Q: 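What follows is a structure written as structure tokens; I'll ask about it next.
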Amino acid sequence: MANEQNNFSEIIAHCKEYGYIFPSSEIYDGLSAVYDYGQNGAQLKKNIRDYWWKSMTQLHENIVGIDAAIFMHPLTWKASGHVDNFSDPMIDNKDSKKRYRVDHLIESHAEKLAFEGKKEEEFALLKSMDELLSKDDFGGLKNLIEQNKIKCEVSGTANWTDIRQFNLMFSTEFGSSVSGNEEDNKVYLRPETAQGIFVNFLNVQKTGRMKIPFGIAQTGKAFRNEIVARQFIFRMREFEQMEMQFFVKPGTEMEWYNYWKTERLKWHESLGIPAEKLRYHDHVKLAHYANAAVDIEFEFPFGFKELEGIHSRTDFDLKQHQELSKKKLQYFDNDLKEDGKPIGNYIPYVVETSVGLDRLFLTVISVAYANEKWTKEDGTEDSRVVLRIPAKIAPYKLAILPLVKKDGLPEIAKQLMNECKQSFHTFYEEKDSIGKRYRRMDAIGTPFCVTIDHQTKEDNTVTIRYRDTMMQERISLAEVKSILMEKIN
RNA sequence: GCGGAAGUAGCUCAAUUGGUAGAGCGAUAGCCUUCCAAGCUAUAGGUCGCGAGUUCGAGACUCGUCUUCCGCUCCA
């Protein structure tokens, strides 16, 4: 356990040291639970995102991608339940440090009153609570708690903090003109990308002439005000999701749920994530919108945690949006029933796959990172830190290294670089000994190095060196590009 | 938010009882040319997290503050 913790700090340090991830606004001491991706991190993140996008849209002809705005009409979040379900007032007991939802605390006291036969007091308490809650009168609620001498079950004291509201969503002001009422201008930064897909369901279905079943994919930033946000990029306030909502005929949702459940696990394995580090975790307690839900969990250095969620969301979202927008969000199914007539209108059911891009990034890095030590043939110790990132998503695909920086070797190397850089990301380096340069490429996860030496000038061959095995072999200079193209696809 | 620990160069860490900051690695430039880090030379880089106080004098002592890490609390 201590070892794993250690390993995790090593990974975090490595990410910073080699341009993968920096704490946000670091020169100002950072901003809690916000991180920036550096030169190598941004490239890796983009490669993962592209890989996902391609596997969703290009490899499934019935899935298309969109890019909806982060700002959405405020009613969106009323419809989704985010406004009402996730902004409960909370209160802490100063002695036990235990935190309660204010309504839960008062309700459990009311139950106690009922148990004692004090029906009238119970009724009065609940009535005043509802009134105060609807007015957001936190001072009044605290008075109510104090008047009723409601105590913490753990500490047994009535030593309470002030009531505070924890909002899941970030809000900001919309429009440059200021109305008298702040609420009029209030918009939220989306806490999930899914709603951008739901509100565009009809636009995409009609303009793309999509037939059910079909999917809409999207990647993008989302924002959540987590109460506690730690564990590096695992839980951030600003993060990126990769979501696909799959619209199906009601009654067929379990079939598709199971399809995506296996499909998504296979996809993660295709990224080189070992099967034994992945597992399903079925939700027993379901969210208000779902009739089935499973997480794909990955064994992070700090334990098995959610990487991707697959939810059968029923017709909850479309139905809600239909109700609040007063627009019909239905699909006319022209497939024929047994009686020869079309099936007709219905609100589709939705199966969602939703993976955190940052979590996937951390997964890839966790799997890739290795601090290796071994004994050389002459008996001395040797070591290296290597990121075994799969070639298809590695930031740099190839490093081109002249063995020495004279005798015309850099010229040959640069010519090769010009030939390759249109096709894939290459890195050129002529400083320091060749071994040191190999180590540097290991540390940032470059899968292949090609070294130009004096023999190159004689027979047009170069050494290709493999990051994972440290093996090397001679190949033709002319074939470098085509060999690389083959290896990274 | 609470409790504990820690903040000195890019990284890892030093600096005797308070006397105006050092090393290794790394980086940069040059030398050497050698297919798996740790050869030679030179250079750069720190108002010791920030603010105040005590003192002739503070990296060190006191208070405050910020940040990070660990634990608890919360998490659709």
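Note that the structure is a prediction, hence the values are computed from the model and not measured. The sequence lines fix the lettering, A, B, ..., with proteins before strands; numbering per chain opens at 1.
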Q: Using the P atom as the reference point in each nucleotide, state the distance between G7(B) and A15(B) in Å, no decimals.
A: 11 Å
Q: If I pick the C1' atom on A52(B) and the same atom on C66(B), what distance separates them, to the nearest angstrom?
A: 15 Å
Q: Would you mind reading off the distance between Y35(A) atom OH and U68(B) atom P, rounded to a whole angstrom?
A: 8 Å
Q: Looking at D358(A) and I233(A), what are the two nearest heavy atoms and their distance?
A: O-CD1, 3.4 Å
Q: Using the test side-chain contact (heavy atoms from CB on, under 4.5 Å), find all partners of D67(A) that sit at least two apart in sequence or belong to another chain.
A: Q218(A)
Q: Is there a donor and acceptor pair closer than 3.5 Å between the side chain of R224(A) and the base of C75(B)?
A: no
Q: One character per nucleotide, please: for nucleotides 23-38 of chain B, 5' to 3', B when the base has a protein heavy atom closer than 4.0 Å, S when only the sugar-phosphate does, - otherwise.
A: ---SSSS---B-BBBB
Q: Can you sort out the partners of F71(A) under ring pair (Phe, Tyr, Trp, His ring centres under 6.0 Å), two or more places apart, ordered by chain and number?
A: F174(A)
Q: Using the C1' atom as the reference point in each nucleotide, state the distance between G49(B) and A60(B) in Å, no decimals.
A: 15 Å
Q: In whole Å, I'd like the distance from the CG atom of N40(A) to the C1' atom of G10(B).
A: 16 Å
Q: Can you tell me if Y188(A) and T76(A) form a side-chain donor-acceptor pair at under 3.5 Å?
A: no
Q: Quick one: the dot-bracket string of RNA chain B, using Watson-Crick and G-U wobble pairs with both distances under 3.5 Å, [ ] for crossing pairs and | for bases paired to another strand.
A: (((((((..((((.....[..)))).(((((.......))))).....(((((..]....))))))))))))....
Q: A side-chain contact here means heavy atoms from C-beta on lying under 4.5 Å apart; do H82(A) and M169(A) qualify?
A: yes
Q: For K16(A) and C69(B), what is the distance between atoms NZ and P respectively, to the nearest whole Å?
A: 12 Å
Q: Please measure how far the P atom in A38(B) lies from the corresponding atom in G1(B), and state the result in whole Å.
A: 49 Å
Q: Please state how far atom CD in Q195(A) lies from atom C1' in A76(B), giving the value in whole angstrom units.
A: 12 Å
Q: Enumerate, atom names and distances included, each donor-acceptor pair closer than 3.5 Å involving a side-chain atom of residues 361-370 of chain A, sequence neighbours excluded.
A:
{"unit_1": "T363(A)", "atom_1": "OG1", "unit_2": "R359(A)", "atom_2": "O", "d": "2.8"}
{"unit_1": "S366(A)", "atom_1": "OG", "unit_2": "L362(A)", "atom_2": "O", "d": "2.6"}
{"unit_1": "Y369(A)", "atom_1": "OH", "unit_2": "E10(A)", "atom_2": "OE1", "d": "2.7"}

Q: Could you tell me the separation between the CZ atom of F22(A) and the P atom of U68(B), rounded to a whole number of Å?
A: 17 Å
Q: Using the C1' atom on both, measure A21(B) against U67(B) and round to a whole Å.
A: 23 Å
Q: Could you tell me how far U65(B) sits from G71(B) if I compare only their P atoms? Round to whole Å.
A: 25 Å
Q: Can you name the closest pair of heavy atoms from E240(A) and R49(A) and give their distance?
A: OE2-NE, 2.8 Å
Q: Taking atom P in both C25(B) and G39(B), compute the distance separating them and give it to the nearest angstrom.
A: 9 Å
Q: Tell me every residue that passes salt bridge (charged side-chain N to carboxylate O under 4.0 Å, His left out) with K112(A), counting only those two or more places apart in sequence or in another chain.
A: none
Q: Taking only the C1' atom of each, what is the distance from G59(B) to A42(B) in whole angstrom?
A: 30 Å
Q: Can we call the ring centroids of Y20(A) and Y18(A) under 6.0 Å apart?
A: no
Q: Tell me the interatomic distance from R237(A), atom CZ, to C74(B), atom C1', rounded to whole angstroms.
A: 12 Å
Q: Taking atom P of A76(B) as reference, at what distance in whole Å does atom NE2 of H281(A) sit?
A: 12 Å
Q: Rounded to the nearest angstrom, tell me the gap between atom CZ in F316(A) and atom C1' in A76(B).
A: 11 Å
Q: Check this for me: does any side-chain nitrogen of one of D442(A) and R465(A) sit under 4.0 Å from a carboxylate oxygen of the other?
A: yes
